[in-house]
2 protein chains.
Amino acid sequence: MLLSEGHKHLAEVGFARFSAREVAKRIGYSIGTLYNVFGTYDRFLVALNTRTFQLWAKELRAELDACGGDRIRCLVESYFRFARANRNVWLAIYDHHLPADFVMPEEQDWLRGELTHIVVREVAAALPEAVKPQAPTLARSLLASVHGHCVFDIAGSFALMGQREPVEMALARVRDTLTMAARDGEESRAQ
Amino acid sequence: MLLSEGHKHLAEVGFARFSAREVAKRIGYSIGTLYNVFGTYDRFLVALNTRTFQLWAKELRAELDACGGDRIRCLVESYFRFARANRNVWLAIYDHHLPADFVMPEEQDWLRGELTHIVVREVAAALPEAVKPQAPTLARSLLASVHGHCVFDIAGSFALMGQREPVEMALARVRDTLTMAARDGEESRAQ
DNA sequence: GCGGATTTATAGACGGCGTTCAATTGTTTA
DNA sequence: TAAACAATTGAACGCCGTCTATAAATCCGC
């Protein structure tokens, strides 16, 4: 209840205007109760962001299942679609910086890994046999590239720079790298 | 004075713990004075972030001037170096989301363009003649890719994923794209 | 069924925040 | 010097996250 209403509130007002007090008030709880449950504002936000990761992974799996041939395009488009459709909760994941001494509950680690693992699997499938071992590293790197495009898109930086079609740009960068990796694979086979 | 001390305070405590009140107190100003000058917290932060952009562009130019042969590597390394050396003020640029109705003073627009323009020039220099017109679009896309790697690096996501050498990874992605672009150039010449 | 123990919930208090504004101080001009 | 103007102030407001003493609810052995 605290989680679902909190997630709704976060989606409505965004990270900067989010308030744990307001969430408690909305569902008729006292502020003290919320703090008894989560202990601290940071931990509450971590729990909400974990919820976002769960939602994200679920949608990604669904879209991959419903995907036709081009699974790499599907991945990239899904990344942008989720961020755009869930702007505030998506941004909150990256706006919320944990204190250096914060120990993350395993829960979130595992779920972030879930998303990454999906991408690793798809990247591996797109690579020729000779370079498949590079898939984990390559997948994380491509994730970062797509993320960068998505951040600029959401923040409006691309619009300011007169750039359009950020999804296609991100996809093109991914294809560049996959093509180059495939070429490496051929060379190592030719030797 | 408000700007320099504010920038220092932001660098010390980071975006989340930053407070305009504290800045005013530190230099012996009243809180009211700060608000007469900047009008609002958002505008104060925009001014501080503009300062960060200025510093960033200055360092980038200096490092390019002192750069040996590999100017693309120099760009990527400089991006990471600035973000790492100025973690809090760099993060503040991306953590501070403006209200939708906010009209950005031209100042910051111009300075952001400054950084981009440097990158565009260097990317153009790295491209064969046939594809040089793509330089502006390509440069912004590569900026996004490097930014994505840098965000994950600063946030510690790469470390969590067991990934090392984010700078080299980002550089590799840039080279992938530049190589592919060069190949496109050759093909269009061959036709 | 009951009374003590233990968990859970409450709301008031605290200091700090961004923001506003009437009052004050300082500066220029006539 | 006196009046007009500009700059500065800090108390007041309603928020915030956090803590804590108190009250309510739940459980459990008898």
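To find a chain, count down the sequence lines: A is the first, B the second, and so on, and within it residues start at 1.
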Base C:dG16 paired with B:Arg21 side chain (donor-acceptor, <3.5 Å) = no

Touch check for A:Tyr41, heavy atoms < 4.0 angstrom, all strands: base, sugar-phosphate only, or nothing?
-> sugar-phosphate

DNA chain D: 5'-proximal contact among A:Gly39 and A:Glu22 (nearest heavy atom) | A:Glu22

Measure from CD1 on B:Ile31 to P on C:dA23 and round the result to the nearest Å.
-> 21 Å

Give a yes/no answer on whether the side chain of B:Thr40 brings an N or O atom under 4.0 Å of OP1 or OP2 in C:dT19.
-> yes

Separation of C:dG18 atom C1' from B:Arg17 atom CZ, nearest Å, is 18 Å

Answer yes if the side chains of A:Ser141 and B:Arg173 hold a donor-acceptor pair under 3.5 Å, and no otherwise.
-> yes

Donor-acceptor pair under 3.5 Å: do we get one between A:Ser30's side chain and the base of C:dA9?
-> no

May I ask you to verify if any side-chain N or O of A:Ser19 is less than 4.0 angstrom from the OP1 or OP2 atom of D:dC15?
-> no

Residue mapping more 5' on DNA chain C - nearest nucleotide basis, A:Leu34 or B:Asp42 = A:Leu34

Interatomic distance, A:Met1 CE vs C:dA9 P [rounded to whole Å] = 14 Å

Can you tell me the distance, in whole Å, between the OH atom of A:Tyr29 and the C1' atom of D:dA24?
-> 14 Å

May I have the distance from B:Lys25 (atom NZ) to D:dG10 (atom P), rounded to whole angstrom?
-> 13 Å

Measure the acute angle between the ring planes of B:Trp56 and B:Phe82, then classify it against the limits of 30° and 60° as parallel, tilted or perpendicular.
-> parallel

What about A:Asn36: does its side chain form a donor-acceptor pair under 3.5 Å with the base of C:dA9?
-> yes

Hey, which of B:Leu178, B:Thr177, B:Asp176 is the one that makes side-chain contact (heavy atoms from CB on, under 4.5 Å) with B:Val174?
-> B:Leu178

Taken to the nearest whole Å, CZ/A:Phe44 to C1'/D:dC19 is 18 Å

Classify the angle between the aromatic ring planes of B:Phe15 and B:His96 as parallel (below 30°), tilted (30 to 60°) or perpendicular (above 60°).
-> tilted

May I have the distance from A:Phe38 (atom CZ) to C:dA9 (atom P), rounded to whole angstrom?
-> 12 Å

For the pair made of CZ in A:Phe18 and P in D:dC15, what is the distance, rounded to whole Å?
-> 17 Å

Can B:Glu22 and B:Arg26 be said to form a salt bridge (Lys or Arg N to Asp or Glu O under 4.0 Å), step by step?
-> CA-CA 6 Å; B:Glu22 179 66 22; B:Arg26 283 201 186 191; 3.6 Å; yes

